[in-house]
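Keep in mind that this is a model prediction, so the values were computed, not measured. Here is the naming used below: chain letters follow the sequence lines, and residue numbers restart at 1 for every chain.
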Amino acid sequence: MAYSKKVVDHYENPRNVGTLDKEDESVGTGLVGAPACGDVMRLQIRVNPETEVVEEAKFKTFGCGSAIASSSLVTEWVKGKTIDEAMALENSQIVEELNLPPVKIHCSVLAEDAIKSAIADFRKKQAARKGETGPAEGESANSAE
Amino acid sequence: MDPFATLGLPRRYELDRGELEARYRELQKALHPDRHAGASASQRRMSLARAVEVNDAYRALKDDLRRAEALLSLYGGKAEPEGGAADPEFLMEVMELRESLGDAKAAGDLARVRQLADKVEAMRGAARTTLVERFGDGAADPEPVALAEASALVSRLKYFKRFLDEVSVIEEEALG
């Protein structure tokens, strides 16, 4: 099966390969796997907590060309977007852009899962941070009898 | 199709390779076209179809991963869905192993590649041992809990296979 030109381009010149510090509060990490084929994909975003804009995106994927191209494309797309905009991303857009054949659609699903899980991780961190510095008084009032 | 029934073997994950080979050869011989030269066309077609079935069953059972998948589908176990929710810690471990393998490959450190492969082979061995228990001895269907665990273990086998396939490529390339 031949890969489309765009897949080959992303595969040979992957954008944004790398790692961000997953302990950093402004970094969201999404780690997903495809049990059907044993691929693993990690996608990370650094988000400005004030504007919620994705300032940096990195990925590392061990998998086929389509999985690498899908994650590479997603990192390009989400940069400069707000996390709400990034959350709206759908795998069908990846399929269309990369011209993925039906047997490779699961690669785009994986990339969608990865970005959504990275955003969820970032939101969880932010919520935890707000929880720490947030309305502690209200909580203690609730727990008091 | 039940490859265990086709070959007349007990439905369990542990495999007696000698028994598998013996049953396969026996059936192959019985179904060989030469033995059915005088039979009617429809009988010959039937024995040919059966020979194909026996071949498929043999290949499915011989392979440790395919045998596990066959058991899972016979018991109606579902393959794990894609994504990260299933087992984040395991995925993280796989990711780290793949990164270490990539580093070792880049550094041309074949001893390290082998060391990582040994580690993954040991993990695979442990997963297979647990699978033998979860699938049971074939006398009764596994409990749903055991089946769910088996399903997760089958997924792990696929990640291990992917890793070890990569090791094979690296080691073969190194041999030139």
Colleague: Can you tell me which of B:Glu99, B:Glu166, B:Glu69 forms the most heavy-atom pairs within a distance under 4.5 Å of chain A?
Modeller: B:Glu99

Colleague: What pair of heavy atoms forms the shortest contact from A:Asp39 to B:Tyr159, and how long is it?
Modeller: O-CE2, 3.5 Å

Colleague: Does B:Tyr75 belong to the same Ile/Leu/Val/Met/Phe/Trp/Tyr cluster as B:Met1, with side-chain heavy atoms less than 4.5 Å apart forming each link?
Modeller: no

Colleague: Which value, rounded to the nearest 0.5 Å, describes the distance between B:Met95 atom CE and A:Thr29 atom OG1?
Modeller: 10.5 Å

Colleague: Could you give the distance from CD (B:Glu96) to CZ (A:Arg42), rounded to the nearest 0.5 Å?
Modeller: 8.5 Å

Colleague: Got a sec: does the CD of B:Glu14 have more than 12 other heavy atoms crowding it under 6.0 Å?
Modeller: no

Colleague: Determine whether a donor-acceptor pair (N or O, by modelled atom type, separation under 3.5 Å) exists between the side chain of B:Arg162 and the backbone of A:Cys37.
Modeller: yes

Colleague: Count I, L, V, M, F, W, Y as connected when their side-chain heavy atoms are under 4.5 Å apart, and connections chain through other members. Are B:Met46 and B:Val52 then in the same cluster?
Modeller: no

Colleague: Does B:Glu143 CD have over 12 foreign heavy atoms under 6.0 Å away?
Modeller: no

Colleague: What part of A:Lys116 lies closer than 4.5 angstrom to a heavy atom of chain B: side chain, backbone, both or neither?
Modeller: neither

Colleague: Honestly curious: do A:Val17 and A:Val7 fall in one hydrophobic cluster under the side-chain, below-4.5 Å linking rule?
Modeller: yes

